[in-house]
Amino acid sequence: MTGIRLTAPVPGWAIDADVVVVGSGVAGLTAALRCAAAGLDTVVVTKARLDDGSTRWAQGGIAAALGEGDTPEQHLDDTLVAGAGLCDEAAVRTLVTEGPDAVRRLITTGAHFDTTDSGDIALTREGGHHRRRIAHAGGDATGAEISRALVEAVREAALHTIENALVLDLLTDAEGRTAGVSLHVMGEGQHDGVGAVRAPSVVLATGGMGQVFSATTNPPVSTGDGVALALRAGAEVSDLEFVQFHPTVLFLGADSEGQQPLVSEAVRGEGAHLVDADGVRFMLGQHELAELAPRDIVAKGITRRMHEKGAEHMYLDARHFGAAMWEQRFPTILAACRSHGIDPVTEPIPVAPAAHYASGGVRTDLRGRTTVPGLYACGEVACTGVHGANRLASNSLLEGLVFAERIAADIAEARPPRTEPAEASRDADDLVPLLAPEARTAIQRTMTRGAGVLRSADSLATAAEGLEALHREAAADAEADGAKAVVPGVDAWEVTNLLLVSRVLVAAARDREETRGCHWREDRPDRDDAHGRRHLVVRIGPDRTPVVHRTETAAFPPVRPSD
Ligand code: SIN
């Protein structure tokens, strides 16, 4: 094993496979199904139940040029504009050209999308799209339907799945090539406690890291485990400073923490208005698309208005939809609002931005390969270059689908032989000291205050200091003769992952001294194209601190020098 790793017991059990897929959202299950269909012995490892990841929570839909008159070229244009000069154009072109057929294959797999009276796929609009190109299911339950279809297909294909399993670290062979993962399984009988899945190809599809902030649309499992694993294994990550804050999250109070209910962009796509407490439509005049401007612009517009008015939230007014449209088109959101005492049929919905999507992640090429041989990444954990500085709404399910298929094709073609993981070093220098589970709230508050929707050099410096103090404390406790050392366990591993990804995110955000996309620096309000049209690539240095370097252009260099 190369790199550093979490303090954890030695694996007590092991199984062998050709491929291990970590994560069970649209990206993970698509990769697993395609690998299995290619005859590869495939194991799916997932942190909770198969359908507990972020995909299930996606409301709006999946963007693809499926409508009459729409073209991949127009989808490309909208994606590049939203990405604020930082998309990798080759990656976007791959997404938009392969996207429509990938959606059709998803339908063949069993996903049912809403249709028009004439039987075509019904398409809606969301922020940043100049056309109706978002396919949806169950009104506003698109992710749930995709998840249902894929989970059913995985069960039908009788894939080997291990649920309730937190992945810990990458295993590597004597040459430093991927040889599997170590993981901890919570009470599954056959595989229990810390074990290993040995495989020459590992696909990370672990989703996002929204739980680094106090309030997020992400489910509790989104603790950045895949990015943290990749960093410890020596992989490069990129664009981590670009955290997308969803503009319209149901406001449940300034102190409300954890997963918050999303109010889909599609509600604005169907004609809802953003208003302040006086009923003024404040997005008019700020952008030609008003409420349907790209997400970063709407989030900034709301935040700015909240500051001007000294308000904790704004309102989304869709009373004019009427009860029938609310019930048919947005049943999930209607139920969520009503369960919190708000009736969108008769009153405007209080909304405020909350952390939603990590546009950055583990850097990959167009085949989903990371900088570590044999390690792949797709979905939110990955940074393919598609999203640039700001993801276009509903491009993420599509990205998961398209790049998962590409990864499966690459593995099926390469068919690397199985190798033996190298003996794990027990050298204390190679072990990452664990944080006490109680540090979770401190990390989330530090990140929300210092690296949230509004950032500045000062706020980021304060956040960095707070995070480094936690890092030093954990190291000191681990060295202090074991008495104070934190006992390994799921909560401690998760919070240690949260700290690592937070430190890297803050390091990148400090380095990006401009405002671009969803990275908003109050002290640097302008975009600096001379220096900023580059990606910040980060890896963990020998002293375990984040080392940031810039790419030459907005296109990613190859992940392997030999390519
Ligand atoms: C939404 O429905 O607004 C979320 C869609 C997305 O994040 O792409």
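If you're wondering where the values come from, they're calculated on a predicted model, not measured in any experiment. Whatever order the structure lists ligands and atoms in, that order sets their numbers, starting from 1.
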Can you find an N/O atom of Gly60 closer than 3.5 Å to an N/O atom of ligand 1? yes

Sub-4.0 Å atoms of ligand 1 with respect to non-hydrogen atoms of [X]:
| X | result |
| --- | --- |
| Ala393 | 8 (O) |
| Glu265 | 1 (C), 2 (O), 3 (O) |
| Arg391 | 6 (C), 7 (O), 8 (O) |
| His246 | 1 (C), 3 (O), 4 (C) |
| His356 | 4 (C), 6 (C), 7 (O) |

Heavy-atom distances under 4.0 Å are what count here, so tell me which part of Arg295 touches ligand 1: side chain, backbone, both or neither. side chain

Give the ring-plane orientation class for Phe242 versus His519, where under 30° counts as parallel, over 60° as perpendicular and anything between as tilted. perpendicular

Mutual orientation of the aromatic rings belonging to His387 and Tyr357 [parallel < 30°, tilted 30-60°, perpendicular > 60°]: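 Ring orientation of His387 relative to Tyr357: perpendicular.
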
For atom 2 (O) of ligand 1, what is the closest protein heavy atom, and at what distance to 0.1 Å? Ser264 OG, 2.7 Å

Is [X] salt-bridged to [Y], cutoff N-O under 4.0 Å?
| X | Y | answer |
| --- | --- | --- |
| Glu270 | Arg132 | yes |
| Arg319 | Asp317 | yes |
| Arg391 | Glu399 | no |

Among His75, Glu89, Arg93, the one residue meeting side-chain contact (heavy atoms from CB on, under 4.5 Å) with Leu80: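 Among the candidates, only Glu89 passes.
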
If the contact criterion is a heavy-atom separation under 4.0 Å, does Gln244 count as touching ligand 1? no

Among the heavy atoms of Ser394, does any lie under 4.0 Å from an atom of ligand 1? yes

Distance-minimising heavy-atom pair for Ala32 and Val44: CB-CG2, 3.5 Å

